[in-house]
Structures are given as structure tokens and as C-alpha cells.
Amino acid sequence: MLLFVYGTLRRGFKNHGRYLAGRTTFAGRAVLRGAVLVHLPEGYPAALGTGEAEDLVHGELYRLPDDAAHARSIVAGLDALEDYLGPGDPRNLYERAERAVEAGGGTRPVALVYLHARPQEALERGILVPGGDWTAFVRREASGAWS
């Protein structure tokens, strides 16, 4: 099972060490098509599904352990982080979904990804991330390039 991450779970960010480092295997960079990325005021991003092929989100792909119990434990931790309580639960902040991503060598594996459960609210509150790469956005913002 694969996991696609695009924000604070990426290498170099705070939640990577807490949830993925040493527990998953980096499988490479990947792109999620049909989604845009919004930087929320709380300091983290949200992917919003659009269904438009030209919209994309850049991220990283991780392989979960083959041991089913270990993989379930990792996913349970991610569910808690992402405020995901179950399919269609109205209290969800994010929905866990399975989506095809574009990975190295032209492959299109299916991966777990967390999409914001309230896209209109996220668009109204957040800043659209140009190019869909949150890492690049955060670096530009830290350097003052957006001033």
C-alpha cells in the first residue's frame, strides 16, 4: 500500500519524523492530478479535488509496511492527525481517499491521500499555492519572495 503526502508529512517537515520516518519507505516523488493545493492560515496545506487534469499537486510517495497490523497502526495515526473519523463523517476535516498518482517511470500507482472535506471553506480561508508545490511555496514565503 502506498501513501501520497504533500504537506507537513513530507521530508524536512515536522510531521514526517512523527508519523513516517523509520516506519515507511520513501518510494519517490509523485504528482496528484485533478487537485489544487491551498495553504491554510493554520500553517499547513489542503489538497482539494477538482477533477481537472491540468490541476496538480506535487508530493512524495511512501510505501507502508507489508505487515498489515503495522500499516493499520500508521494509517490510524494519520487519520487522527488529519481529523478523519470515517467515510463521510460530517466532523471530518479531511477525507481519506485512494487516487492514482503519477510516479517515476510513467507509472500510475494508486495511493492513499487525504483531501480536505470542505473544499469551499478551504478556498475561502486559504491561499492558492501556485504550481501545487507546498515545499516551494513555504521556501518562497520564508525568503520574503511573496512580500
Side-chain angles (χ1 to χ4, degrees), residues 1-119 121-123 126-143:
M1 181 177 290
L2 295 169
L3 170 71
F4 175 79
V5 300
Y6 52 82
T8 64
L9 288 163
R10 289 177 77 169
R11 291 176 296 174
F13 291 94
K14 66 180 179 182
N15 286 323
H16 180 79
R18 293 178 185 160
Y19 295 91
L20 301 180
R23 303 178 77 199
T24 61
T25 305
F26 178 71
R29 294 177 186 216
V31 172
L32 173 65
R33 286 206 177 269
V36 294
L37 207 54
V38 174
H39 177 76
L40 297 173
E42 294 82 4
Y44 55 82
L48 315 175
T50 66
E52 300 295 327
E54 67 274 4
D55 293 335
L56 50 89
V57 172
H58 294 270
E60 297 171 347
L61 205 53
Y62 289 88
R63 185 168 308 286
L64 296 174
D66 289 335
D67 178 289
H70 191 192
R72 277 193 305 272
S73 170
I74 292 168
V75 172
L78 295 171
D79 287 350
L81 172 69
E82 305 292 2
D83 289 330
Y84 173 74
L85 302 170
D89 190 304
R91 299 169 294 169
N92 287 346
L93 182 59
Y94 286 82
E95 293 287 345
R96 179 174 14 108
E98 292 185 3
R99 296 284 187 272
V101 296
E102 295 177 7
T107 61
R108 291 189 47 83
V110 172
L112 295 179
V113 62
Y114 289 86
L115 302 171
H116 203 279
R118 298 180 211 101
E121 175 187 316
L123 277 172
I127 301 167
L128 193 62
V129 175
D133 187 339
W134 190 69
T135 299
F137 174 82
V138 170
R139 286 186 187 131
R140 282 191 301 264
E141 196 163 90
S143 72

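Along the sequence shown, the residues carry numbers beginning at 1. In this text the structure is predicted, and so the values were computed from the model without any measurement.
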Shortest non-hydrogen contact from [X] to [Y]?
X	Y	result
Phe4	Ala111	N-CB, 3.9 Å
Arg10	His16	O-CB, 3.2 Å
Leu2	Arg63	CD2-NH1, 3.6 Å
Tyr62	Arg11	OH-CG, 3.1 Å
Glu95	Ala117	CG-CB, 3.9 Å
Pro65	His70	CG-ND1, 3.4 Å

Are the side chains of [Y] and [X] in contact, using a 4.5 Å heavy-atom criterion?
X	Y	value
Tyr44	Lys14	no
Leu9	Leu78	yes
Val110	Arg99	no
Leu3	Glu60	no
Val138	Phe13	yes
Arg91	Asp83	no
Pro109	Leu61	yes

- Side chains of Asp79 and Tyr114: is there a donor and an acceptor less than 3.5 Å apart? yes
- Which residue, Met1, Arg23, Arg72, forms the side-chain contact (heavy atoms from CB on, under 4.5 Å) with Leu64? Met1
- Message: Under the rule for ring pair (Phe, Tyr, Trp, His ring centres under 6.0 Å), what residues qualify as partners of Tyr84, not counting sequence neighbours?
- Response: none
- Asp133 and Arg140 ion-paired at < 4.0 Å: no
- Query: Residues in side chain to side chain donor-acceptor pair (under 3.5 Å) with Asn15, at least two apart?
  - Reply: Thr8, Arg18
Result block: side-chain N/O donor-acceptor pairs under 3.5 angstrom for residues 25-42, not counting sequence neighbours:
| unit_1 | atom_1 | unit_2 | atom_2 | d |
| --- | --- | --- | --- | --- |
| Arg33 | NE | Glu102 | OE1 | 3.3 |
| Arg33 | NE | Glu102 | OE2 | 2.7 |
| Arg33 | NH1 | Ala53 | O | 2.9 |
| His39 | ND1 | Trp134 | NE1 | 2.9 |
| Glu42 | OE1 | Arg125 | NH2 | 3.1 |
| Glu42 | OE2 | Arg125 | NH2 | 2.2 |

- Query: Counting only heavy atoms not in Asp67, do more than 12 fall under 6.0 Å of its CG?
  - Reply: yes
- To the nearest 0.5 Å, what is the distance between OG1 (Thr50) and CG (Asp55)? 3.5 Å
